[in-house]
Amino acid sequence: MACPVKPLQLHIIFLFALWDLCSMLNSGMLFPRESSSREIKELNGLWSFRADLSPNRNLGFEQAWYKRRLAETGPVLDMPVPASYNDITQDSKLRDFIGWVWYDREVVVPSRWVADKNIRVVLRVGSAHYNSVVWVNGVQVTEHAGGHLPFEAEIGAVLRGDPTAPCRITIAVNNTLTLETLPPGDIQYLNDPTRYPKGYFVQNTYFDFFNYAGIHRSVLLYTTPHTYVNDITVVTDFADGLGVIAYDVAVSGSASFNASLKVTLTDGAGRCVATATGAAGVLKVVAAKLWWPYLMHEEHGFLYHMEVRLQVAGARGEVLEDQYTLPVGIRTVKVTSTQFLINNKPFYFQGVNKHEDSDIRGKGFDWPLVVKDFNLMKWLGANSFRTSHYPYDEEILHMCDRHGIVVIDESPGVGIRDIRSFGNASLAHHLEVMRELVTRDKNHPSVVMWSVANEPGSEMPPAGLYFETVIAHTKNLDPTRPVTYVTNSNYARDKGAPFVDVICVNSYLSWYHDPGALDVIALQLNTQFEEWYGKYQKPIIQSEYGADVVPGLHSDPPVMFSEEYQVIVLRSYHEVFDQKRKQYVIGELIWNFADFMTAQGVTRVVGNKKGIFTRQRQPKAGAYTLRERYWRIANETGLLPPWTKYPCSQLRSP
Ligand code: GCB
């Protein structure tokens, strides 16, 4: 008997039903895009800035600084947005400041936006570290817990309250980390009056990067009509050349009940290749072009464009429209006990770990830096990176989609090591952060796996239930992607490993363990892999390895911190990777792509120097070693067209 629904569709519809049932993701966080119905006004540039230096850091709230221009409350500085504030001035108090800082600026809002009640005006902050409160003309419009992820508020009603008033936006941001924030930290008061002044406190953190703070990503206003496309979810699959995109559109607004929806899919040349109607449906693409990673296919990063057009009848019978276009890549991801499959083909992560970090800007988004980093990754022959140790700017993920760079998308769950950070309040926040992360990044074809944490105290008794819960929650939010966390714990005592799909393990052999002993790396790494695989039979990624290098420091025989030492560490690891990647090792991510700033301490010489590039993005010797290797692996797969083949002899190696 003929089956009305083909198995492929059945599979995808099942995944979707699961997603719908479990995720409750319909409060959307669509990336702001201009369209015939949506406008954007960027608010980047100079803002007024004031750190609350009062002993309890609470003067701003006590004196209600949000009620007037910040400049009227006391002395202000010019502060660029986006940027971390820490390295902008010459004041070390501000570099290491902990507590509330205040930003404000006035904005000219087009009068049409205010006059037309059919227009929603949304204020969006790409991210601010870490906790934020936002006011418009003295009225609180939203608050948000946590950095790295966007938050927004509809401000039309406030603007319409007094259309003649200039629109003053005030944002207070607090970088204090506690045992219940992500990442966790803790404030320690040092009360010995013979050693510390009164009220002296320090912020302890359990991660190895500078605790940059401020407004790190774009702030903007955007508009939508009153009834609007609030969220879109796509899941893709293919078989026998037929691509399938199951979509689900969440509509919000007073007239959402009578909205009609049309969905049109166009290819790279703007040709329509599929259409559908209704809030949920399936687009079928004949002779579909798949989304492939860089170096895996000549045409990597291929994207279709899915235009969602929503129509509702206005009060006077006129047609009101909203239009949103989402880039979509058709690809699948699967994990077996030995492989990571993208489009049913084995994928090997030959990649890097990164940080959002640079001179002066700190963690502030910066286009020249982003584009330079993509050029360097491609030069290196890297096909992937992990967003260590927090979600990166959405623009970076768009670049990954377009360039075919595969992403392991990590939450800010870095350094959950104090037993008190495994309590209910921490868990509830972690679940909420995963919800926000999946909501933001679920449609990126480049994102192939979620990482819920980095190097937690996963051998501690509460870690089992904690990670079982966070991982199950993430799988409920997104049943289409594998979930992991990154461990440096012992294979026999790790409590969360039974719940991850892929084992991601960090080790620093001949660095933190057996410093200087280059000859133990191969043996110990082999043991590491055999133990983890022997116990769990899950594919393994070496998610960190490396060695610090002070650029320009040479030594032969190699000693720690010299360029030569890093090269030998890398080569020793690579020897073992080459044996094990024939079995169950599915990737290697160098720590780190570039040098980055850390807190001051006796083990860090102006930051962490494990980069294969300096902080200014100049290659160290290790970069050439890795480049030679990555291109050799890429060429081995036999998938590369001739134009990408790099004869290894052309690659300089020290
Ligand atoms: C690690 C951490 C990373 C550090 C690195 C190091 O295991 O995951 O955040 O920066 O080691 O260099 O110590």
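All ligand and atom numbering here is 1-based and tracks the order in the structure. Please read all numbers here as calculations on a predicted model, not as lab measurements.
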task: Compute the minimum heavy-atom distance from Phe209 to ligand 1 and say whether it is under 4.0 Å.
output: no

task: If the plane angle is over 60° it's perpendicular, under 30° parallel, otherwise tilted; pick one for Phe561 and Trp511.
output: perpendicular

field: Identity and separation of the nearest protein heavy atom to atom 1 (C) of ligand 1
entry: Glu544 OE1, 2.9 Å

Heavy atom of the protein closest to atom 10 (O) of ligand 1 (residue, atom name, distance): Asp208 OD2, 2.5 Å

- request: Under 4.0 Å from a heavy atom of Phe596: give me the atoms of ligand 1 that qualify, with their elements.
  value: 10 (O)

task: Sort out for me which residue in Phe209, Tyr392, Phe210 forms a ring pair (Phe, Tyr, Trp, His ring centres under 6.0 Å) with His355.
output: Phe209

query: So, does Asn506 sit close enough to ligand 1 that a heavy atom of it is under 4.0 Å from the ligand?
result: yes

message: Cation-pi check for Tyr294 against Lys378: NZ or CZ below 6.0 Å from the six-membered ring centre and within 45 degrees of the axis, yes or no?
response: yes

query: At the 4.0 Å heavy-atom cut-off, does Phe207 count as touching ligand 1?
result: no

Element-labelled atoms of ligand 1 that are located less than 4.0 Å from some non-hydrogen atom of Asn608: 6 (C), 10 (O), 12 (O)

query: Should the pair Lys354 and Phe593 be classed as cation-pi, given the thresholds of under 6.0 Å to the six-membered ring centre and 45° from the axis?
result: yes

- prompt: Which atoms of ligand 1 sit under 4.0 Å from any heavy atom of Lys610?
  reply: 6 (C), 12 (O), 13 (O)

- line: One finds that the ligand 1 atoms under 4.0 Å from a non-hydrogen atom of Tyr508 are 1 (C), 5 (C), 7 (O), 11 (O)

- request: Do me a favour and list the nearest non-hydrogen protein atom to atom 7 (O) of ligand 1 with residue, atom name and distance?
  value: Glu455 OE2, 2.4 Å

Nearest protein heavy atom with distance in Å, relative to atom 13 (O) of ligand 1: Tyr512 OH, 2.4 Å

- prompt: Which salt bridge (charged side-chain N to carboxylate O under 4.0 Å, His left out) pairs, counting each pair once, include a residue from residues 605-618, with sequence neighbours left out?
  reply: Asp357-Arg615, Asp359-Arg615, Asp373-Arg617, Asp548-Lys610

Identified ring pair (Phe, Tyr, Trp, His ring centres under 6.0 Å) counterpart of Phe577 within the set Tyr630, Tyr348, Tyr545, Phe349: Tyr545

task: For residues Cys504 and Ser543, report the shortest heavy-atom separation together with the two atoms involved.
output: C-OG, 3.2 Å

- request: Distance to 0.1 Å, residue and atom name: give those for the protein heavy atom nearest to atom 9 (O) of ligand 1.
  value: His389 NE2, 2.7 Å

task: Assess whether atom CD1 of Ile360 is packed by more than 12 heavy atoms of other residues, nucleotides or ligands within 6.0 Å.
output: no

task: Tell me, please: is Arg604 in heavy-atom contact with ligand 1, that is, under 4.0 Å?
output: yes

message: Does the plane of the ring in Tyr466 sit parallel, tilted or perpendicular to the ring in Phe422? Use 30° and 60° as the thresholds.
response: perpendicular

Contact partition for Asn454 relative to ligand 1, non-hydrogen atoms under 4.0 Å: side chain

